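First comes the structure, then the notes that go with it.
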Amino acid sequence: MELVAEHPVTITNPDKLLWPEANITKAGYIQYMIEVSPWLLPYLRDRPLTLIRYPHGVHGHSFYQKNCPTYAPDWIRRVPVWSDERKDVIQYVVADSLASLIWLANQACLEFHVGFTTLVRPTQPDSVAFDLDPTVAGFEPVREVALALHGLLDRLNLPHLPKTSGATGLQVFIPLQSGHTFEQTRIFTKAVAVYLERQLPNLVTLERLTKNRGTKVYIDFPQHGASRTLIAPYSCRATKLATVSTPLLWSELAAGALPEQFTITTVPPRLRKQGDCMAASNDLASLREIVRFLD
DNA sequence: GTTCTCA
DNA sequence: TGAGAACAACGCTAA
DNA sequence: TTAGCG
Ligand SMILES: [Mn+2]
Ligand SMILES: [Mn+2]
């Protein structure tokens, strides 16, 4: 089976079930990519990809892939990035077209993870994210912590919005003006996390050891770092329900939205009807004043 | 999913 | 001819 | 330094 976008792509095993419980085949996954590409591609632009591949579906063996396979067609964009530890360059894939998305989907890349910088300004984070991870099943504590964080960021007059991770937690993003450093964002994220832990001691933990977290929500503020990544907005997750990392309105979160409501099936019609609430706001934050005060 | 290597 | 392996890796932070 | 984490 062959699909033609900017380039022709041969689809192998289009009927293979990648998400059996959700009844999503590879062809269905590619259809999702085609439908959401206008909203997904902007979040992948100029960002080296960390991919997670599931060649035999979400229940099969998986592996991370950073280096672009040598057999990829030459129109797949590769960007060399030096890796200190490996003492070599990694040829990262950067998705710059629908055809790239389709080719990666055929490779069973189910998850697309990206960092906080782009190739345009590789040392400057263009957003801050608070990663809220529940320790035990149940979304209500996550919602409660997120809404408290919302109140705080509102009082600081910083633009921000939530997105489901597609797994069990939530991320709160602050889009930044250009010119910030990771040193500044580290000071800020840590101060906010410590503040929330004090404000909600029964609900929030900053404890690194899982066994010491009890049933609290872990504010994973170290996840905001130079070489760290988070699931990209509108990327699928390798979950039973084929959930999607989905930006939400605060009103939706306050009204009881749940991560499992946003899936490969529900997200395309949502985007067609309501558009992308993350793209809708173009307000950028400056942390300079707050960081100067904290420092 | 695809390629490569070793039986 | 076919089975099996490889396909990432690092900063953070507490101890 | 390393251990444990994501
Ligand atoms: Mn998370
Ligand atoms: Mn996390």
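No experiment lies behind these values; they were computed from the predicted model shown. Reminder, nothing fancy here: chain letters follow the sequence lines and each chain counts from 1.
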Problem - Integer angstrom distance from the P of D:dG6 to that of C:dC7 - result: 24 Å
Exercise for the section: Indicate, with a heavy-atom threshold strictly under 4.0 Å, whether A:His61 touches base, sugar-phosphate, or nothing. Expected result: base
Handout entry: A:Phe63 CZ to C:dA6 P, straight-line distance once rounded to whole Å
Key = 12 Å
Exercise for the section: Would you mind reading off the distance between A:Asp88 atom CG and C:dC7 atom C1', rounded to a whole angstrom? Expected result: 15 Å
Completion exercise
Taking for A:Asn67 and for A:Gly225 the nucleotide of DNA chain C with the nearest heavy atom, the one nearer the 5' end belongs to A:Asn67
Problem - Residue-phosphate contact under 4.0 Å: A:Thr210 side-chain N/O, D:dG4 OP1/OP2 - result: no
Exercise for the section: Indicate, with a heavy-atom threshold strictly under 4.0 Å, whether A:Lys211 touches base, sugar-phosphate, or nothing. Expected result: nothing
Exercise for the section: Measure the distance from CG on A:Leu51 to P on C:dA8 and round it to the nearest whole Å. Expected result: 10 Å
Handout entry: Contact under 4.0 Å: A:Arg213 side-chain N or O vs D:dG6 OP1/OP2
Key = yes
Practice task
Have a look at A:Phe182 and say if it touches a base, only the backbone sugar-phosphate, or nothing, with a 4.0 Å heavy-atom cut-off.
Solution key: nothing
Practice task
Could you check which of B:dT2, C:dC10, C:dT13 has an atom nearest any side-chain atom of A:Thr12?
Solution key: B:dT2
Practice task
Rounded to the nearest angstrom, tell me the gap between atom CG in A:Leu49 and atom C1' in C:dC7.
Solution key: 15 Å
Handout entry: Separation of atom CZ in A:Arg53 from atom C1' in B:dT3, rounded to whole Å
Key = 11 Å
Problem - Check: A:Leu241 and A:Trp19 side chains under 4.5 Å, non-hydrogen atoms - result: no
Handout entry: Below 4.0 Å: OP1/OP2 of B:dT2 and any side-chain N or O of A:Asn106
Key = yes
Practice task
Round to a whole Å and report the spacing from CD of A:Gln171 to C1' of D:dG6.
Solution key: 12 Å
Completion exercise
Per atom distances to the A:Lys66 side chain, the nearest of B:dG1, C:dA9, D:dG4 is C:dA9
Problem - Residue A:Ile90, side-chain heavy atoms: nucleotide from C:dA9, C:dA8, B:dT2 that is nearest - result: C:dA9
Completion exercise
Of D:dG6, C:dC10, C:dC7, the nucleotide closest to the side chain of A:Ser83 is C:dC10
Practice task
Take atom P in C:dA8 and the same atom in D:dC5, then report the distance between them in whole Å.
Solution key: 24 Å
Handout entry: CD (A:Glu6) with more than 12 external heavy atoms under 6.0 Å
Key = yes
Exercise for the section: Tell me whether the centres of the aromatic rings in A:His160 and A:Trp250 are closer together than 6.0 Å. Expected result: yes
Fill in the blank from the handout: Looking only at B:dG1, C:dA14, D:dG6, the nucleotide nearest the A:Lys190 side chain is C:dA14
Practice task
Measure from NZ or CZ of A:Arg53 to the centre of the six-membered ring of A:Phe63 and say whether it is under 6.0 Å with the direction within 45° of the ring axis.
Solution key: no
Practice task
Pick base, sugar-phosphate or nothing for A:Thr50, based on heavy-atom distances below 4.0 Å to the nucleic acid.
Solution key: nothing
Practice task
Considering just the side-chain nitrogens and oxygens of A:Arg186, establish if one lies under 4.0 Å of OP1 or OP2 belonging to C:dC12.
Solution key: yes
Practice task
Look at A:Thr70 and B:dT3 and indicate whether a side-chain polar atom (N or O) is within less than 4.0 Å of OP1 or OP2.
Solution key: no
Practice task
Grab the CZ-P distance between A:Phe221 and C:dA14 for me, whole Å please.
Solution key: 7 Å
Practice task
Just say parallel, tilted or perpendicular for the rings of A:Phe182 and A:Phe116, cut-offs at 30° and 60°.
Solution key: perpendicular
Handout entry: A:His224 and A:Phe130 aromatic centres sub-6.0 Å
Key = no
Problem - Closest nucleotide among B:dG1, C:dA8, D:dG6 to the A:Asp133 side chain - result: D:dG6
Practice task
Kindly point out which of D:dG4, D:dG6, B:dG1 is positioned nearest to the side chain of A:Gln107?
Solution key: B:dG1
Problem - Minimum side-chain heavy-atom gap A:Val114-A:Leu44 below 4.5 Å - result: yes
Handout entry: Length of the line joining A:Arg228:CZ and C:dA8:C1', which is rounded to integer Å
Key = 13 Å
